[in-house]
Amino acid sequence: MAIHIKNLKVRPRKNVSNNMCGAQLATMLGCWAATGDMGSTGACSDAAQTLFQCMRTTPLPKKTHRPTINYHLARLGKNIQ
């Protein structure tokens, strides 16, 4: 029983991006754009401090395992062809 699959591709799943401190970063970038305070010394110091606290206290996401479907398809492809 021989099955020939010429081009077999598996699309990876689309992962939803996890923006942990996205709101704080957007606030700081908006403050920079509005006031021009790039050093965060004047009007943007509060926004910079909240972003710093968020980045300091938020744990890093754990690394996810890569799916093994392509490995198994490669092994299966040797037997099929």
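Note that the coordinates shown come from a computational prediction; the quantities given were computed from them, not determined experimentally.
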Please find the pair of heavy atoms, one from C44 and one from D37, that lie closest to each other, and give the distance.
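For C44 versus D37, the nearest heavy atoms are N-OD2, 3.3 Å.
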Side chain S45, main chain G42, donor-acceptor under 3.5 Å
yes
Please check: side-chain N/O of D46 versus main-chain N/O of T50, any donor-acceptor pairing under 3.5 Å?
no
Do L25 and F52 sit in the same hydrophobic cluster, where Ile, Leu, Val, Met, Phe, Trp and Tyr count as joined when their side-chain heavy atoms come under 4.5 Å apart?
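As far as the 4.5 Å side-chain criterion goes, F52 and L25 are not connected within one cluster.
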For M55, is the CE atom crowded, meaning more than 12 foreign heavy atoms sit under 6.0 Å from it?
no
So, taking the atom named CD in Q53 and the one named SG in C21, what distance separates them when rounded to the nearest 0.5 Å?
10.5 Å
What's the spacing between T58 OG1 and M20 CE if we round to 0.5 Å?
7.0 Å
